[in-house]
**Q** 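So that we are looking at the same thing, I have put the structure below in structure tokens.
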Amino acid sequence: MTLQQIASLGKELAKFLMLFAGCFRSQPGFALFKVYVHGLLSNLQRKNVEAIALELGTAPRTLQRFVESIKWDEIQVRDRCQQLVSRQHAHPEAIGIVDESGIRKSGECTVAAGRQWLGSLGKVDNGVVGVHLSYSAPGFQCLIDSELYLPQEWADDPERRKKTTCPT
């Protein structure tokens, strides 16, 4: 890259992030989103909330609040990302890939945790499973959607779902 291209990256990132401004209920929430993205793209060794906040001059608790409780429209963010991919990376040889991935979890308080097939382990165990949709074209690939699989015992128990941050 040339120096001019590198210098324009900050402006391009700011322009790109503005595409998502309407996805946040408040301006402070959007401002914290920008801080978080800048931190994820930084050269920090450890990219956790505390390290990002300290590096970028934000109170760690404030950035933690963004991650855990600031309201934003996840569906609108997903839709905008899908629109960008379809406009900028359409290709006649592109394919969609549906895949699941499970991770072992102990306990029963994690949303959707239960005894189920975990492909990564090759067996039935206690865990959670996500179902993902990826897009792949020559020279480009990305994740365009993802949902948590809700086992039947969770689907049949509205009180249990109500006690958690279950999306359904």
**Q** Between Thr58 (side chain only) and Leu63 (backbone N and O only), is there a donor and an acceptor less than 3.5 Å apart?
**A**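 Pair absent, no side-chain N/O of Thr58 close to backbone of Leu63.
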
**Q** Given the rule in the side chain to side chain contact (heavy atoms under 4.5 Å, CB included) test, do Glu153 and Arg160 qualify, once you have shown the distances and angles that lead to the verdict?
**A** CA-CA 9 Å; Glu153 66 265 16; Arg160 185 178 188 187; 3.8 Å; yes

**Q** Indicate yes or no for a side-chain donor-acceptor contact from Lys71 to the backbone of Arg25 under 3.5 Å, with no hydrogens or angles considered.
**A**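 The answer is no, because no donor-acceptor pair under 3.5 Å joins these two groups.
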
**Q** Search all heavy atoms of Ile70 against all heavy atoms of Gly29 and return the closest pair with its distance.
**A**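 That would be CG2-CA, 3.8 Å.
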
**Q** Quick check against the 3.5 Å criterion: does Gln116 have a side-chain atom that pairs as donor or acceptor with the backbone of Gly127?
**A**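 Yes, because the side chain of Gln116 sits within donor-acceptor range (under 3.5 Å) of the backbone of Gly127.
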
**Q** Could you tell me whether Ile95 atom CD1 has more than 12 heavy atoms of other residues or ligands within 6.0 Å of it?
**A**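 Counting neighbours around CD1 of Ile95, more than 12 heavy atoms of other residues, nucleotides or ligands fall under 6.0 Å, so yes.
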
**Q** Would Arg115 and Asp125 satisfy side chain to side chain contact (heavy atoms under 4.5 Å, CB included), going step by step from the backbone distance to the final call?
**A** CA-CA 5 Å; Arg115 292 199 53 79; Asp125 202 346; 3.9 Å; yes

**Q** Given 3.5 Å as the limit, does a donor-acceptor pair link the side chain of Arg80 with the main chain of Leu19, or not?
**A** yes

**Q** Strictly distance-based, threshold 3.5 Å: is any side-chain N or O of Lys105 a donor or acceptor partner for the main-chain N or O of Ala112?
**A** no

**Q** Apart from Leu133 itself, what residues make up its hydrophobic cluster when side-chain heavy atoms of I, L, V, M, F, W and Y under 4.5 Å apart count as a link, directly or indirectly?
**A** Val85, Val98, Leu118, Leu121, Val129, Val131, Tyr135, Phe140, Ile144, Tyr149

**Q** Applying side chain to side chain contact (heavy atoms under 4.5 Å, CB included) to Glu147 and Asp145, what does each step give before you reach the verdict?
**A** CA-CA 7 Å; Glu147 290 289 335; Asp145 203 355; 4.2 Å; yes

**Q** How are the rings of Phe24 and Trp72 set to each other: parallel, tilted or perpendicular (split at 30° and 60°)?
**A** parallel

**Q** Flag this pair as yes if the NZ/CZ of Arg161 is under 6.0 angstrom from the six-membered ring centre of Trp154 and inside a 45 degree cone about the axis; otherwise no.
**A**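 Cation-pi check for Arg161 and Trp154: fails.
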
**Q** Less than 4.0 Å between a side-chain N and a carboxylate O, is that true for Glu55 and Lys47?
**A**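 No.
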
**Q** Could you check whether atom CD1 of Ile103 has more than 12 heavy atoms from other residues, nucleotides or ligands sitting under 6.0 Å from it?
**A**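 Incorrect, the count does not exceed 12.
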
**Q** Going through the distances and angles, do Glu68 and Arg61 end up as a salt bridge (charged side-chain N to carboxylate O under 4.0 Å, His left out)?
**A** CA-CA 10 Å; Glu68 68 186 19; Arg61 185 67 192 122; 2.9 Å; yes

**Q** Checking the side chain of Thr110 only, and the main-chain atoms of Ala113 only, is there a donor and an acceptor separated by less than 3.5 Å?
**A**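 Not at all, since once roles are kept as given, no pair shorter than 3.5 Å links the two residues.
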
**Q** Compute the centroid of each ring, for Phe16 and then for Phe20, and state whether the two points are separated by less than 6.0 Å.
**A**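 That pair passes the under 6.0 Å test.
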
